[in-house]
Amino acid sequence: MNETVIHIYVNTPGQLPNYDTIGEALTSIDAGLYEHTPLAEGQSPLDDKPFSTAQSFPAEYSDLPPVIIHIGEGIYREKLVITRPNITFLGAGCEKTTIVYGQGAKEVLPDGTNRGTFRTAAVRIDTHDFTAKHLTFQNDAGYGHTVGQALALYVDGDRIAFEDCVMLGSQDTLFTAPLPIKEAKPGGFKGPGEAKPRVLGRHYFKECLLRGDVDFIFGGAIAYFEDCVLFSQKPGNRVPPESPDGEIFYGYVTAASTPQGQPFGYVFQDCHLISDCPPASVLLGRPWREWGKTVFLHCKLGEHIHPKGWDDWGKDHDHFFYAEYDSYGPGANPEGRASFSHQLTAEEAAEYTPENVLQGWKPLQDDEL
């Protein structure tokens with residue numbers, strides 16, 4: 001690996017090279033090595049052109065030097081696609097640097113079709129070895145029951161890390177690719193990942209805040225969340241149609257689609273689950289696909305978490321795996337959880353270390369940023 005580090009600046013007076021937008025900064029990197037066309041206002045990337053992946057880069061691109069993009073204070077209303085490997089976004093602080101865009105799945109496109117979930121992302125990471133620190137990612141399209149799913153982040157790649165970041169949205173705030181192999185209904189995957197080979201990525205989130213309502217952390221990646229805050233927001237006046245008689249479920253924190261045969265999916269360690277929803281109105285997770293895996297370890301659960309904890313979404317109980325270890329707070333209820341969920345022993349919980357879950361990858365090591 002080339003150890004030379006390239007520093008690029010956005011909206012940072014006194015530093016060179018300095019750009020007005022993040023898109024301009026991305027386009028300037030390794031100019032001519034691969035296609036990166038700035039997006040026009042309202043344009044959705046890859047709507048009308050073939051998909052290419054980071055894995056398709058010629059071999060000589062594997063030695064590209066790392067790039068750090070320093071993003072100054074400001075609100076950047078940009079829809080971004082990152083395709084170059086080994087990039088770091090370094091913001092000025094979560095309250096000072098925000099990347100935001102607003103598109104929802106129900107939006108009708110010129111051809112008469114809906115935009116769909118996977119073409120709404122404010123930021124899509126389609127490469128490996130990406131890191132983000134000290135900034136906010138947001139999709140401000142609106143509540144899911146009004147605009148449909150609206151991704152703040154679409155993360156598709158391996159060795160992707162976030163530290164001290166905020167992800168804000170409503171339904172489907174964070175998508176951790178890959179997509180499942182098969183769609184549940186025709187057209188369900190319409191967008192950049194539908195024809196792409198599935199790559200099981202490893203993603204890491206440290207001291208981040210994630211906010212949403214329905215399935216706001218979802219996907220098939222191996223993802224480790226450490227010391228994060230998960231905020232289940234009340235989605236306006238929405239009453240989800242799947243709520244049973246006599247109860248209203250305002251949301252689900254997770255919807256994993258872990259591929260069959262994988263030992264780990266989503267792991268939450270020392271996280272804090274908070275909400276402005278009523279007591280007992282939010283569930284920890286439901287399986288987007290049959291083999292979804294989600295585990296909470298020593299997490300503080302607010303009173304918004306329903307006593308049963310989990311929903312099976314009509315899936316076979318012998319396939320998916322939901323578990324907790326040492327949950328505490330008013331939302332903890334080890335004796336009363338859904339019968340298909342598990343309470344881990346100390347020995348079982350000890351297997352869920354970052355080293356084991358992330359298969360030896362050590363994110364943010366020796367990092368002085």
Side-chain angles (χ1 to χ4, degrees), residues 117-118 125 128 149 151 153-162 167 171-184 188-189 193-194 196-205 208 210 212 214-226 228 230 251-269 271 273 283-297 299 309-325 327 337-338 340-344 348-361 363:
T117 302
F118 300 102
I125 299 161
H128 302 317
Q149 297 89 339
L151 310 181
L153 271 172
Y154 184 135
V155 185
D156 196 355
D158 191 25
R159 300 181 300 274
I160 311 295
F162 299 87
M167 297 91 176
Q171 184 170 354
D172 293 7
T173 302
L174 169 67
F175 172 56
T176 65
L179 288 163
I181 297 299
K182 295 181 180 180
E183 55 192 359
F189 292 162
E194 59 182 330
K196 177 182 177 180
R198 307 300 194 253
V199 175
L200 183 60
R202 292 166 292 176
H203 306 162
Y204 178 71
F205 301 81
C208 293
L210 300 96
V214 177
D215 305 337
F216 65 95
I217 303 171
F218 78 113
I222 300 167
Y224 203 98
F225 299 80
E226 192 165 14
C228 292
L230 313 179
Y252 305 80
V253 178
T254 67
S257 57
T258 314
Q260 184 177 358
Q262 292 300 319
F264 304 110
Y266 287 161
V267 178
F268 297 86
Q269 171 75 53
C271 293
L273 279 64
L283 292 167
L284 294 171
R286 57 181 181 174
W288 185 27
R289 287 297 188 271
E290 286 77 2
W291 303 95
K293 287 183 169 66
T294 303
V295 174
F296 285 84
L297 306 170
C299 292
W310 308 90
D311 184 80
D312 63 9
W313 213 354
K315 305 296 195 301
D316 191 322
H317 293 181
D318 294 332
H319 290 173
F320 61 80
F321 183 80
Y322 284 145
E324 297 169 72
Y325 172 72
S327 294
R337 289 297 194 232
F340 52 76
S341 67
H342 305 268
Q343 296 293 318
L344 300 179
E348 291 169 334
E351 295 297 315
Y352 288 85
T353 64
E355 292 75 17
N356 285 345
V357 173
L358 300 175
Q359 302 171 8
W361 173 50

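Everything numeric here is computed off the predicted structure, so don't read it as measured data.
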Phe162 versus Leu210: any side-chain heavy-atom pair under 4.5 Å?
no
If you round to the nearest 0.5 Å, how far is OH of Tyr204 from CH2 of Trp361?
9.0 Å
Within this structure, what is the CZ-CD distance for the pair Arg159 and Gln359, rounded to the nearest 0.5 Å?
11.5 Å
Main-chain N/O of Lys182 paired with Arg289 side-chain donor or acceptor, under 3.5 Å
yes
Interatomic distance, CZ@Phe296 vs CZ@Phe225, rounded to 0.5 Å, equals 9.0 Å
Can you tell if the side chain of Gln262 reaches within under 4.5 Å of the side chain of Trp291, non-hydrogen atoms only?
no
Compare every heavy atom of Thr117 with every heavy atom of Gln149, then report the nearest pair and how far apart it is.
CD-OG1, 3.4 Å
Between Phe218 and Phe175, what is the ring plane arrangement, given parallel below 30°, perpendicular above 60°, and tilted in between?
tilted
Would a 4.5 Å heavy-atom cut-off, applied to side chains only, mark Pro180 and Trp288 as touching?
yes
Mark yes or no for whether Arg202, through its side chain, and Leu358, through its backbone, hold a donor-acceptor pair below 3.5 Å.
yes
4.5 Å side-chain heavy-atom contact, Gln260 and Glu290
no
Shortest non-hydrogen contact from Asp172 toward Leu151
O-CD2, 2.8 Å
Could you tell me whether a side-chain N or O of Glu183 sits under 3.5 Å from a main-chain N or O of Gly188, the two making a donor and an acceptor?
yes
Heavy-atom closest pair (Ala221 atom, Gly201 atom, distance to 0.1 Å) is CB-O, 3.6 Å
Identified side-chain hydrogen bond (donor to acceptor under 3.5 Å, both in side chains) partner of Arg286 from the options Asp311, Asp215, Asp312:
Asp215
Phe268, Tyr266, Phe321 screened by side-chain contact (heavy atoms from CB on, under 4.5 Å) with Val295, the one that passes:
Phe321
Is Leu344 close to Leu297 at the side-chain level, that is, under 4.5 Å between some pair of heavy atoms?
yes
From the list Thr254, Leu273, Leu230, side-chain contact (heavy atoms from CB on, under 4.5 Å) partner of Leu284 resolves to Leu273
For the residue pair Tyr322 and Phe320, categorise the inter-ring angle as parallel (less than 30°), tilted (30 to 60°) or perpendicular (more than 60°).
tilted
Which heavy atom of Leu200 sits nearest a heavy atom of Gly220, and at what distance?
CD1-O, 3.2 Å
Do Trp310 and Pro287 have side chains that approach each other closer than 4.5 Å (heavy atoms only, starting at C-beta)?
no
Do Gln269 and Tyr224 have side chains that get closer than 4.5 Å, going by heavy atoms?
yes
For the student: nearest non-hydrogen atoms of Pro363 and Ala161, plus distance
CB-CB, 4.3 Å
So SG of Cys208 and CE of Met167: to nearest 0.5 Å the spacing works out to 4.5 Å
Does a side-chain heavy-atom distance below 4.5 Å link Ile181 with Arg198?
yes
Please name the pair of heavy atoms, one in Ala177 and one in His203, separated by the smallest distance, quoted to 0.1 Å.
O-CE1, 3.7 Å
